[in-house]
Amino acid sequence: GVINYRFIEAIYFNLEIKNFVLNQKLFSNKKIRVLEIGAGSGINALITLKFLEGYIEKIYLVDLPEMLLFQEYFLRNSLNDNDYKKIEFIPNDQFENINLNYNVLINKDSFPEMLQSQSEMYLNNFNNTNDCYFFSLNQESGLKDQVPVSDLVENYNNIFKISRSLFPLKKGYVKEVFVSKSH
């Protein structure tokens with residue numbers, strides 16, 4: 001019942017994701033399987049499901065176990081049973097042990113805040129996932145221990161930047177789209 005800044009940000013970001021994804025030939029005959037890393041409250045996943053209704057097969061949410069509980073509660077109370085069944089909650093410490101089949105990766109507000117080794121674990125997985133799009137919305141603060149996403153992906157041979165722009169709703173934030181392609 002309360003509209004906050006995160007809700008408006010999720011609508012804006014997901015509108016751009018929707019417009020991009022639905023214009024890709026890859027998705028003309030495939031369902032969308034989303035991996036969202038660091039889903040926070042779950043509001044972005046809620047908006048993703050609503051904006052891409054009819055196109056989503058599965059959404060994997062990877063986060064700290066205590067955040068997954070919050071996301072599960074929020075989404076259980078916000079979605080109908082059909083949409084809720086499309087979501088799988090995965091503790092971040094189990095990510096490396098699971099083989100996920102996804103074709104859209106979303107990360108907001110977390111890669112630069114994680115240990116670099118954690119971000120690299122997720123990017124290694126993305127690098128080895130062919131024909132997958134990565135939507136990043138992260139800050140570039142310049143703090144000593146925070147590495148911008150664009151710098152993190154430079155070390156990967158199969159990740160290519162499609163676009164990069166400042167995010168107009170949040171000063172210091174950059175919106176980037178990448179694709180993973182095998183040579």
Side-chain angles (χ1 to χ4, degrees), residues 4-7 9-10 12-14 16-17 33-48 58-75 87-167 169-182:
N4 64 23
Y5 180 78
R6 292 278 186 188
F7 183 73
E9 176 187 288
Y12 187 92
F13 188 52
N14 275 282
E16 292 194 359
I17 292 172
R33 293 174 312 282
V34 176
L35 168 61
E36 184 172 354
I37 298 168
S41 67
I43 200 160
N44 194 69
L46 173 73
I47 303 300
T48 300
K58 192 76 170 170
I59 293 184
Y60 304 100
L61 299 181
V62 175
D63 214 323
L64 301 168
E66 56 273 18
M67 290 305 296
L68 291 175
L69 289 172
F70 182 70
Q71 293 161 19
E72 195 170 346
Y73 177 80
F74 172 74
L75 292 168
I87 300 173
E88 186 175 332
F89 301 90
I90 302 167
N92 65 324
D93 59 359
Q94 294 178 19
F95 180 78
E96 285 186 296
N97 304 325
I98 300 172
N99 184 17
L100 301 176
N101 183 13
Y102 62 95
N103 49 25
V104 170
L105 170 62
I106 296 174
N107 179 256
K108 288 176 52 189
D109 290 317
S110 64
F111 271 8
E113 286 81 21
M114 293 178 195
L115 294 174
Q116 187 170 341
S117 60
Q118 289 174 308
S119 298
E120 289 171 348
M121 173 190 66
Y122 296 121
L123 289 172
N124 282 330
N125 187 279
F126 174 65
N127 186 62
N128 295 319
T129 304
N130 197 32
D131 290 328
C132 184
Y133 292 95
F134 171 27
F135 298 89
S136 170
L137 178 57
N138 284 284
Q139 51 84 11
E140 292 189 352
S141 68
L143 293 176
K144 184 177 91 171
D145 294 331
Q146 293 186 350
V147 181
V149 173
S150 58
D151 291 352
L152 287 170
V153 300
E154 286 180 359
N155 299 320
Y156 297 93
N157 296 331
N158 297 332
I159 299 176
F160 304 94
K161 187 182 305 175
I162 295 174
S163 67
R164 174 183 166 87
S165 61
L166 295 177
F167 189 62
L169 300 182
K170 251 181 167 176
K171 187 176 180 179
Y173 275 69
V174 175
K175 175 184 50 133
E176 296 173 291
V177 180
F178 302 91
V179 64
S180 61
K181 292 259 185 209
S182 297

#### Entry: Flag for Gln71-Asp63: side-chain donor and acceptor within less than 3.5 Å
yes
### Summary
Distance col, row Met121:CE vs Glu96:CD, nearest 0.5 angstrom, shows 5.0 Å
### Message
With rounding to the nearest 0.5 angstrom, report the CG to NZ distance, Leu169 to Lys175.
### Response
9.5 Å
#### Entry: Whether over 12 other heavy atoms sit under 6.0 Å from Leu69 CG
yes
### Query
So, Asn127 versus Ser180: side-chain donor-acceptor pair below 3.5 Å or not?
no
### Message
For Tyr122 together with Phe95, are the ring centres under 6.0 Å from each other?
### Response
yes
### Task
For residues Leu68 and Pro91, report the shortest heavy-atom separation together with the two atoms involved.
CD1-N, 3.3 Å
## Note on the structure
For Lys170 and Tyr5, the nearest pair of non-hydrogen atoms, with its separation, is CG-OH, 3.1 Å
#### Entry: Separation of Leu152 CG from Phe178 CZ (nearest 0.5 Å)
9.0 Å
### Test item: side-chain donor near acceptor, Asp109 and Asn138, under 3.5 Å
no
## Note on the structure
For Ser41 and Phe74, the nearest pair of non-hydrogen atoms, with its separation, is O-CD2, 3.4 Å
### Query
Does the separation of the ring centres of Tyr12 and Phe167 fall below 6.0 angstrom?
yes
### Query
Taking 4.0 angstrom as the limit, do Arg164 and Glu140 come out as a salt bridge?
yes
### Query
Would you call Glu36-Lys108 a salt bridge at under 4.0 Å N-O?
no
### Task
Go through the side-chain N and O atoms of Asn44 and Asn14 and say whether any donor and acceptor fall under 3.5 Å apart.
yes
### Message
With a 4.5 Å cut-off on side-chain heavy atoms, are Glu176 and Ser150 touching?
### Response
yes
### Summary
Val104 and Cys132 have their tightest heavy-atom pair at N-SG, 3.7 Å
### Query
Can Gln116 and Gln146 be counted as having a side-chain donor-acceptor contact under 3.5 angstrom?
no
#### Entry: Asn101 versus Tyr60, side-chain donor and acceptor atoms under 3.5 Å
no
### Within-4.5 Å side-chain heavy-atom neighbours: Ile87 and Leu61
yes
### Task
Measure the spacing between CG of Leu35 and CG of Asn125 and express it to the nearest 0.5 Å.
7.0 Å
### Query
Do you know the tightest heavy-atom contact between Val153 and Leu123?
CG1-CD2, 4.0 Å
#### Entry: Side chains of Glu9 and Leu137 in contact at under 4.5 Å (non-hydrogen atoms)
yes
#### Entry: Sole residue of Val149, Ile159, Val179, Ile162 in side-chain contact (heavy atoms from CB on, under 4.5 Å) with Phe134
Val149
### Option from Asn130, Asp131, Asn158 for which side chain to side chain donor-acceptor pair (under 3.5 Å) with Lys181 holds
Asp131
